[in-house]
Amino acid sequence: MIVFFCPGNEDSTPKEITRWPNQQDWQIRVFPNKYPVIDNKNQKHTRGENSKFINRKKIKGVHEIIVESREHNAQMSDLGLHYLKQVLVIYFERLKKLKQQDSIKYVAIFKNHGERAGASLKHTHTQIVAYSKIPAVIQAKEQVCKQRSCGYCEIIKYEKKHQKRVGFENQNFIAITPFAAKYAYEIWILPKKHLVDFAQFNQEMLIDLAAIMHKIFKKITQLNCDYNMIFQYGVKDLHVQIIFTPRIDNFAGFEIATGTIINSVFPEEAAYFYAKDNISF
Ligand SMILES: [Zn+2]
Ligand SMILES: [Zn+2]
């Protein structure tokens, strides 16, 4: 068993950034990744080539780990409502802090759960990669929303009216299984209001978000599969969202050859799966 993230092994991680609560028996702990994909020191991870078609850019940044529980075997679905809210507070505090750094252009927050989703350690954790580049996918999405009204606000309006792809809904948030989902059982949580910064979430919204996340974690546990969770925001005016991608199918030759994705589960079936039991705490 690999115990780097367990209590008693704090010395095996780089110097801690923060913990909650601030006492010996921590529940949530944040520290730099010992094996960062990116750092501020040297460029050993990039290759030195330049040509008409090969573009080399220097990128700097930081790579952090947030361990959400001191229990080695705890899953996100085991965390209670107020605990999960505290986890969100820590995610968004780190996001805010890192965004303030001059060299940082984007802060990616994501969870890889299980080997198929890219995780190498079992102890639950979320990663933050903050770096000096705005991802092309974010730029493209912002461009589309700039040309017309916010696509996500329109999707929310449409899905609320038709109710075929709504998994969960409460006062402040809606969770939908998107019409053209890339992944089987993919689900997005969106604030109903057009908000572009996670720092805009007030206490009531954090509780509402934690409530829907809890239900999604429970349902993904029922699917018994690996998954990714991604917190997406833009740099100008992109509607924030939390994306969950269960990893059931692999992309095969057809997807690689064409970029066309075959999804084995209709989003309407996925929405029914999420909505059918009324999960409570
Ligand atoms: Zn552990
Ligand atoms: Zn919007």
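- A salt bridge does not link R29 to E10: none of the charged side-chain nitrogens sits closer than 4.0 Å to a carboxylate oxygen.
- Contact of the C225 side chain with the R247 side chain is not registered, since no non-hydrogen atoms from C-beta on lie closer than 4.5 Å.
- Checked by atom type, the side-chain pair K122/N73 shows a donor-acceptor distance below 3.5 Å.
- No chain of hydrophobic side-chain contacts below 4.5 Å, direct or via other Ile, Leu, Val, Met, Phe, Trp or Tyr residues, connects F110 to V67.
- Tracing side-chain contacts under 4.5 Å through hydrophobic residues (I, L, V, M, F, W, Y), one never reaches I128 starting from I65; they form parts of separate clusters.
- Summarising the local packing, CG of N202 is surrounded by more than 12 heavy atoms from other residues, nucleotides or ligands at distances under 6.0 Å.
- Within a 6.0 Å sphere centred on NZ of K276, heavy atoms belonging to other residues, nucleotides or ligands number more than 12.
- In summary, the side chains of T260 and E255 do not present any donor paired with an acceptor at a separation below 3.5 Å, with no hydrogens or angles considered.
- Here the two rings, on F244 and F217, have centers that are under 6.0 Å apart.
- Atom CE of M213 sits about 5.0 Å away from atom CG of L84, to the nearest 0.5 Å.
- Criterion: ILVMFWY side-chain heavy atoms under 4.5 Å apart, direct or through other members. Under it, V235 and V144 are not part of a common hydrophobic cluster.
- Residues C145 and G151 approach most closely at SG-N, 3.8 Å, considering heavy atoms.
- Heavy-atom neighbours of K105 NZ from other residues, nucleotides or ligands within 6.0 Å: at or below the threshold of 12.
- Ring centroids of F31 and F5 are separated by less than 6.0 Å, placing the two rings close together.
- Of all non-hydrogen atoms in E71 and S69, the two that sit nearest each other are N-OG, 3.0 Å.
- For K99, the NZ atom is densely surrounded, since the number of other residues' heavy atoms within 6.0 Å is greater than 12.
- A side-chain N or O of H194 and one of D237 form a donor-acceptor pair less than 3.5 Å apart.
- Between K34 and S12 the shortest heavy-atom distance is NZ-O, 3.2 Å.
- Panel note: side chain H214, backbone L79; a donor-acceptor pair is recorded below 3.5 Å.
- A cation-pi arrangement is absent between K182 and F251 under the rule of less than 6.0 angstrom and at most 45 degrees off the ring axis.
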| request: Begin from the C-alpha positions of H82 and I207 and carry the test side chain to side chain contact (heavy atoms under 4.5 Å, CB included) through to its verdict. | output: CA-CA 7 Å; H82 289 274; I207 286 285; 3.5 Å; yes

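- Side-chain contact, N33 with E64: no donor N or O sits under 3.5 Å from an acceptor N or O.
- Ring centroids of F198 and Y91 are separated by 6.0 Å or more, keeping the two rings apart.
- Across all their heavy atoms, R116 and D226 have their closest contact at N-OD2, 2.9 Å.
- For E68 and T126, the side-chain atoms include at least one donor-acceptor pair closer than 3.5 Å.
- For E16, the CD atom is densely surrounded, since the number of other residues' heavy atoms within 6.0 Å is greater than 12.
- At a threshold of 4.0 Å, the pair E159-K164 does not count as salt-bridged, since none of the basic side-chain nitrogens sits closer than that to a carboxylate oxygen.
- Y106 and Y131 have their aromatic ring centers separated by at least 6.0 angstrom.
- Other residues, nucleotides and ligands contribute only 12 or fewer heavy atoms inside 6.0 Å of the CD atom of Q24.
- With hydrogens and angles left out, the side-chain atoms of K111 and T124 include a donor and acceptor closer than 3.5 Å.
- Here the shortest heavy-atom pairing between K160 and Q163 reads O-NE2, 3.0 Å.
- For the pair Q143 and Q147, the minimum side-chain heavy-atom distance is below 4.5 Å.
- At most 12 heavy atoms of other shown residues, nucleotides or ligands fall within 6.0 angstrom of atom CD1 in I2.
- Hydrophobic clustering, defined by side-chain heavy atoms of Ile, Leu, Val, Met, Phe, Trp and Tyr closer than 4.5 Å, groups I262 together with F254.
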Begin with the C-alpha distance, continue with both residues' side-chain angles, and end with the deciding distance and a verdict on side chain to side chain contact (heavy atoms under 4.5 Å, CB included) for N170 and I212. CA-CA 8 Å; N170 59 23; I212 291 192; 3.4 Å; yes

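- When only modelled atom types and interatomic distance are considered, S132 and S103 share no side-chain donor-acceptor pair under 3.5 Å.
- Minimum heavy-atom separation, Y35 to H63: O-ND1, 4.3 Å.
- The shortest distance between side-chain heavy atoms of K15 and P32 does not fall below 4.5 Å.
- F179 and F273 are assigned to two separate hydrophobic clusters, defined by single-linkage of ILVMFWY side chains at heavy-atom distances under 4.5 Å.
- For the pair R70 and W26, the cation sits on the ring face: its NZ or CZ lies under 6.0 Å from the ring centre, inside 45° of the axis.
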**Prompt:** Does the pair Q232 and I138 meet the rule for a side chain to side chain contact (heavy atoms under 4.5 Å, CB included), with working shown?
**Reply:** CA-CA 8 Å; Q232 186 173 276; I138 299 298; 3.7 Å; yes

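- Using a 4.5 Å heavy-atom cutoff, the side chains of I176 and I187 are not in contact.
- Between the side chain of K60 and the backbone N or O of I104, no donor-acceptor pair lies under 3.5 Å.
- Contact annotation: the side chain of K219 never approaches that of Y185 to less than 4.5 Å [non-hydrogen atoms, C-beta and beyond].
- With hydrogens and angles left out, the side-chain atoms of K85 and Q203 include a donor and acceptor closer than 3.5 Å.
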- prompt: How far apart are the C-alpha atoms of Y158 and E154, what are their side-chain angles, what is the distance that settles it, and do they pass the side chain to side chain contact (heavy atoms under 4.5 Å, CB included) test?
  reply: CA-CA 6 Å; Y158 182 90; E154 283 183 29; over 6 Å; no

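- The pair D277-K218 fails the salt-bridge criterion, with no side-chain N (NZ, NE, NH1 or NH2) lying under 4.0 Å from an Asp/Glu carboxylate O.
- I220 and I230 fall within the same hydrophobic cluster, where Ile, Leu, Val, Met, Phe, Trp and Tyr residues are linked whenever their side-chain heavy atoms come under 4.5 Å apart, directly or through other members.
- The aromatic rings of F92 and F201 stand perpendicular to each other, their planes meeting at an angle above 60°, with 30° marking the opposite boundary.
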